[in-house]
There are 2 protein chains.
Amino acid sequence: MKHSDLPLNKVLLGDCIETMESLPEGSVDMIFADPPYNLQLKGDLHRPNNTKVDAVDDDWDQFESFQAYDEFSKRWLKAARRLLKPDGTMWVIGSYHNIFRVGSILQDLGFWMLNDVIWRKTNPMPNFRGRRFTNAHETMIWVAKDKDARYRFNYEAMKSLNDDLQMRSDWTLPICSGGERLKKDGVKAHPTQKPESLLYRVVLSSTQPGDVILDPFFGTGTTGAVAKKLGRNWIGLDQDKDYAEMAERRILRVKPIEDLELLRTESKRSAPRIPFGSVVERGMLKPGDVLYDGRRRYSAKVRADGTLVTADFKGSIHQTGAFVQKAPSCNGWQFWHVEQKGQLVCIDAFRERLRAELN
Amino acid sequence: MKHSDLPLNKVLLGDCIETMESLPEGSVDMIFADPPYNLQLKGDLHRPNNTKVDAVDDDWDQFESFQAYDEFSKRWLKAARRLLKPDGTMWVIGSYHNIFRVGSILQDLGFWMLNDVIWRKTNPMPNFRGRRFTNAHETMIWVAKDKDARYRFNYEAMKSLNDDLQMRSDWTLPICSGGERLKKDGVKAHPTQKPESLLYRVVLSSTQPGDVILDPFFGTGTTGAVAKKLGRNWIGLDQDKDYAEMAERRILRVKPIEDLELLRTESKRSAPRIPFGSVVERGMLKPGDVLYDGRRRYSAKVRADGTLVTADFKGSIHQTGAFVQKAPSCNGWQFWHVEQKGQLVCIDAFRERLRAELN
DNA sequence: TTGTTTTCTGAATCGACGC
DNA sequence: TGCGTCGATTCAGAAAACA
């Protein structure tokens, strides 16, 4: 799949399900969807008979409208699943009115749940009647296409964004207001415009520059604006011409971050692999040098071929570390140290030095 | 319905669905349920230090399929619905593995959703493999029996509990540990014991003294312990004799609180931690912006993930500040400034602004 | 006795790659 | 596709151990 086969960085007007079905299979890296939940379905539904409405019928009404919502959800989620690349992921946001239905259907369709992420609003609408808890959050579900997908998660970038602590499943962010909120004739243009900060974190966590991000319920185009800012491609679907025009105008004004280096998310995972043997080969350690664990409980000797040897074991730095600790596994780079000027220095420092040479 | 028709303040041993079906219809004011989560774990998980994570692998959490789990859920939820008084409410807690299925079924059965409430854990288990966001919350769904029910919500009590601000739908509470955690021979007695603080808030918000509270998955009896403490009646159902005995012994030791004022939580919380990443995410600084120290001796560029970069270093605001000064450590918030209208402004000002939003 | 450091643990759907 | 090998990965709070 080449990007050139896709209508990139524009809004496609029309029914989102039909549009998705017309786009090439397995072509999209990530989907962000903010589906409607207040469908005005009642008029379209046919009760099996025309009997007078009573309490029982009320229940029936409710059931039938859930069923209609489920049908709609299944259709667009199936179309979305078809569009996703095998290792692509999808985010769906909703509230308690619809998110449980969406979540169940996602599981039924074979999507694999990675996280449910809570958007905690710093400034939610208060509850006026005092009959419930202030509804101060929305829920996002993040899924991979299936259980074994090798999806993208920019762990280190998320950790950096959170002061070097793992990013949690609850995100505290304000709602979209002030200058960021699109207005038309002085009133808000769209009822559910999402804040760019929310999309920033979504996009930064699960895509890389150049990826294709699709939003089937584009609205005022927050997904596109953030995608452009972060150097990703976007495709917006919407059936409302006014929204589509507003979104395109909005995104036109967005300036991408130019220096791609600033966008690159660090991933230790993709750092070049350094075999321990090269540390010996390069003379940073010599055969016969003695390694210790951090507290000098264990020791081992370096051999010329980059293995270690103890009184009763021979093997890689990892195997030997695991053996002396009687542990199932061990990261030898972190475990072993060498004495330099009376201090124990972790051998991982040698690996870092070799990596720096390669960069 | 008189209370005398009910087996109050004891644990009923056996299958919870059968037991519920044997109790009188419309007799219970509130139900709190912590059903099996249907975790689908396979293989062991080790921490980075090679210790094994003690996961939930109990028989009662094993279901063959989503369908089997749904059938089970429908059965117990129907039985629970029959037991509830017309104006009673029910709470169900779960995680992303099961809560979407439970939520859908609740809606299908005609329950009326009042809130979904997020329990944010202050001290969740971290994510060891770095492949997801740290799963730091669980979800509770609070429902009335139907749309027009005149359910109980102690609005003022909740507001008082929250420093005279409306109680929100996200609750920040620690997990159950330390002395509160029931142990048997030194190891945790139950894999999923809930903290009493969580149940305090549930019970205090939606019941009044003298009410009957039923828990169909009683386990070690946290619901009963809190109910007794708060002067409510409780009924616990469980099929495990050991758990039942442990719970009864535990509740026997509980002393009811006479002065409810004591339950007020002093929540003059310390200043919330603001990661530098949020300043970028929120657009207060943009990737590529240049930061200087107060005397413009050093400069660094902001990256998209909230790290800084200089000619020969990349890292957090603190690490980078320390590096350029060749100092062992540095408070980046105080050290770095940005030029605005020709003036250097300390980036700590941004942190203050974000803190103010969190009030 | 008191302050400091180390250890332990909690509802977890938790790898990638080559042969 | 299945299996073995290599290698990457943790935060907060309480309790225990130690100084």
Side-chain angles (χ1 to χ4, degrees), chain A residues 87 107 111-116 142-144 146-151 153 155-156 159 162-169 267-277 294-295 315-319 321-322 328-335 348 351, chain B residues 34-58 60-63 66 69 93-100 119 121-139 172 174-181 183 186-188 190-195 217 219 273:
Chain A
D87 294 337
Q107 291 176 316
F111 285 102
W112 187 246
M113 252 176 222
L114 300 170
N115 278 111
D116 57 336
W142 183 40
V143 292
D146 53 57
K147 188 172 177 306
D148 300 312
R150 284 158 37 182
Y151 60 91
F153 176 53
Y155 175 76
E156 294 293 340
K159 201 171 165 178
N162 192 35
D163 274 0
D164 288 328
L165 290 177
Q166 288 187 336
M167 186 68 80
R168 302 167 34 119
S169 59
S267 160
K268 285 183 187 155
R269 234 170 262 280
S270 63
R273 199 180 69 84
I274 309 285
F276 178 68
R295 272 177 285 164
S316 73
I317 53 171
H318 312 294
Q319 290 163 346
S329 68
C330 167
N331 181 342
W333 290 108
Q334 299 290 337
F335 182 72
D348 208 21
R351 180 165 66 160
Chain B
D34 184 8
Y37 284 10
N38 191 24
L39 299 187
Q40 292 157 46
L41 307 170
K42 53 167 201 184
D44 291 341
L45 177 64
H46 290 92
R47 303 168 198 276
N49 65 4
N50 289 322
T51 59
K52 188 169 165 247
V53 174
D54 182 13
V56 177
D57 55 0
D58 305 67
W60 49 254
D61 200 44
Q62 302 300 318
F63 292 84
F66 282 130
Y69 187 79
I93 186 167
S95 68
Y96 67 85
H97 311 84
N98 71 324
I99 199 67
F100 300 109
W119 169 28
K121 304 178 185 184
T122 57
N123 47 352
M125 173 124 64
N127 180 295
F128 295 116
R129 306 306 279 273
R131 297 292 297 142
R132 303 172 176 212
F133 298 97
T134 300
N135 195 5
H137 72 275
E138 294 188 26
T139 302
T172 306
I175 61 174
C176 178
S177 67
E180 191 187 323
R181 187 94 195 193
K183 300 269 170 62
V187 297
K188 63 183 174 188
H190 192 281
T192 72
Q193 186 180 342
K194 295 291 176 286
F217 307 97
R273 197 180 60 81

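Each chain gets a letter, A, B and so on, in the order its sequence line appears, and its residues count up from 1.
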J.: Picking from D/dG13, C/dA12, D/dG7, which would you name as closest to the side chain of B/R129?
T.: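 For the B/R129 side chain, the nearest candidate turns out to be D/dG7.
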
J.: Whether the side chain of B/K42 and the base of C/dA12 hold a donor-acceptor pair under 3.5 Å is what I'd like checked.
T.: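 No, the side chain and the base share no sub-3.5 Å donor-acceptor pair.
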
J.: Please classify the nucleic acid contact of A/Q334 as base, sugar-phosphate, or nothing, using heavy-atom distances under 4.0 Å.
T.: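 Since no nucleic acid heavy atom lies under 4.0 Å of A/Q334, the category is nothing.
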
J.: Using purine N1 to pyrimidine N3 plus N6-O4 or O6-N4 for Watson-Crick, or N1-O2 and O6-N3 for G-U wobble, each under 3.5 Å, what pairs with D/dT9?
T.: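 D/dT9 is paired with nothing.
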
J.: Within this structure, what is the OH-to-P distance between B/Y37 and C/dA12, rounded to whole angstrom?
T.: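 Rounding to the nearest Å, OH of B/Y37 and P of C/dA12 are 10 Å apart.
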
J.: May I ask you to say what B/T134 touches in the nucleic acid, namely base, sugar-phosphate or nothing, with a heavy-atom cut-off under 4.0 Å?
T.: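 Here B/T134 touches no strand at all.
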
J.: The side chain of B/N127 lies closest to which of these nucleotides: C/dC14, C/dG10, C/dA11?
T.: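 The closest nucleotide is C/dC14.
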
J.: Please pick, from C/dG10, C/dT9, C/dA11, the nucleotide with the shortest atom-to-atom distance to any side-chain atom of B/D61.
T.: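 Closest nucleotide among those given: C/dA11.
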
J.: Using a heavy-atom cut-off of 4.0 Å across all strands, would you classify B/D58 as base, sugar-phosphate, or nothing?
T.: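 If one applies the 4.0 Å heavy-atom cut-off, B/D58 turns out to touch nothing in the nucleic acid.
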
J.: With heavy atoms under 4.0 Å as the rule, sort B/G179 into base, sugar-phosphate or nothing.
T.: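 Contact class for B/G179: sugar-phosphate only.
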
J.: To the nearest Å, how far apart are A/R168 CZ and C/dA12 C1'?
T.: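 Result: 15 Å.
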
J.: Which one is paired to D/dC3, where only Watson-Crick or G-U wobble pairs with both distances under 3.5 angstrom count?
T.: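 Across any shown strand, D/dC3 pairs with C/dG18.
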
J.: Give the rounded distance in Å between these two atoms: CG of A/N162 and P of D/dT10.
T.: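 After rounding, the reported distance stands at 13 Å.
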
J.: What distance, rounded to whole Å, do you find between the two P atoms, one in C/dT7 and one in C/dA11?
T.: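 23 Å, rounded to whole Å.
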
J.: Report the distance from atom CG of A/D348 to atom P of D/dT9, rounded to the nearest whole Å.
T.: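 Computing the A/D348:CG to D/dT9:P distance gives 10 Å.
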
J.: Both distances below 3.5 Å, Watson-Crick or wobble geometry, any strand: find the nucleotide opposite D/dA14.
T.: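 D/dA14 is paired with C/dT7.
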
J.: Given the P atoms of C/dG18 and D/dA8, what is the spacing between them in whole Å?
T.: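 The same atom, P, in both gives a distance of 15 Å.
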
J.: Give a yes/no on whether any side-chain N or O of A/Q319 is located under 4.0 angstrom from OP1 or OP2 of D/dT5.
T.: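 For D/dT5, neither OP1 nor OP2 has a side-chain N or O of A/Q319 closer than 4.0 Å.
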
J.: If you take atom types as modelled and just measure distance, does the side chain of B/N98 reach the base of C/dA11 with a donor-acceptor pair under 3.5 Å?
T.: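 Counting by modelled atom types and ignoring angles, no donor-acceptor contact under 3.5 Å is found here.
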
J.: Suppose you measure atom P in C/dC8 against the same atom in D/dT9; what distance do you get, rounded to whole Å?
T.: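 To the nearest whole Å, 23 Å.
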
J.: Could you tell me whether B/R131 sits above the aromatic face of A/Y151, with NZ or CZ closer than 6.0 angstrom to the six-membered ring centre and within 45 degrees of the axis?
T.: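 The answer is yes, since B/R131 meets both limits relative to A/Y151.
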
J.: Atom NE2 of B/H190 and atom P of C/dG10: how far apart are they, to the nearest Å?
T.: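 Rounding to the nearest Å, NE2 of B/H190 and P of C/dG10 are 13 Å apart.
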
J.: D/dT10 phosphate, OP1 or OP2: any side-chain N/O from A/K159 under 4.0 angstrom?
T.: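 Indeed, a polar side-chain atom of A/K159 lies that close.
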
J.: May I ask you to say what B/G219 touches in the nucleic acid, namely base, sugar-phosphate or nothing, with a heavy-atom cut-off under 4.0 Å?
T.: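 Contact class for B/G219: none.
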
J.: What's the gap between C/dA12 and D/dC6 when it is taken at their P atoms, as a whole Å value?
T.: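 After rounding to an integer number of Å, I get 30 Å for this pair.
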
J.: Please report the distance, rounded to the nearest Å, between CE in A/M167 and C1' in C/dC14.
T.: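 Roughly 18 Å, once rounded to whole Å.
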
J.: What does C/dA12 pair with, Watson-Crick or G-U, if both distances are under 3.5 Å?
T.: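 In the structure as shown, C/dA12 has no Watson-Crick or wobble partner.
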
J.: Just call it for B/N135: base, sugar-phosphate, or nothing, with non-hydrogen atoms closer than 4.0 Å on any strand.
T.: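 Sugar-phosphate, no base atom in range.
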
J.: Between A/W333 and A/D164, which has a closest nucleotide on DNA chain D that is more 5'?
T.: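 In this pair, the answer is A/W333.
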
J.: May I have the distance from B/R181 (atom CZ) to D/dA16 (atom C1'), rounded to whole angstrom?
T.: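 Between C1' of D/dA16 and CZ of B/R181: 19 Å.
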
J.: Tell me what A/K147 touches on the nucleic acid: a base, only sugar-phosphate, or nothing, going by heavy atoms under 4.0 Å.
T.: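 Nothing, no nucleic acid heavy atom in range.
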
J.: Which nucleotide, C/dA12, D/dT9, D/dT10, lies nearest any side-chain atom of A/N331?
T.: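 So the nucleotide nearest the side chain must be D/dT9.
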
J.: Has the side chain of B/R47 got a donor or acceptor atom sitting under 3.5 Å from an opposite partner on the base of C/dG10?
T.: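 When only heavy-atom distances are counted, B/R47 does reach the base of C/dG10 through a donor-acceptor pair under 3.5 Å.
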
J.: Quick one: sort the B/H190 and B/W60 rings into parallel, tilted or perpendicular, breaks at 30° and 60°.
T.: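 If you compare the ring of B/H190 with that of B/W60, the planes turn out parallel.
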
J.: Identify whether any heavy atom of B/P174 sits under 4.0 Å from a base atom; if not, whether one sits that close to sugar-phosphate; answer base, sugar-phosphate or nothing.
T.: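 Counting heavy atoms under 4.0 Å across all strands, no contact is made by B/P174.
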
J.: Pairing check on C/dT2: which nucleotide meets the Watson-Crick or G-U wobble criteria with it, both distances under 3.5 Å?
T.: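 D/dA19 - that is the nucleotide pairing with C/dT2, both distances being under 3.5 Å.
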
J.: Taking CG from A/L165 and C1' from D/dT9, how many angstroms apart are they, rounded to a whole number?
T.: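 Those two atoms, CG and C1', are 15 Å apart.
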
J.: Between A/F111 and B/T51, which residue's closest nucleotide on DNA chain C lies nearer the 5′ terminus?
T.: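 By nearest-heavy-atom nucleotide position, the 5'-most residue is B/T51.
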
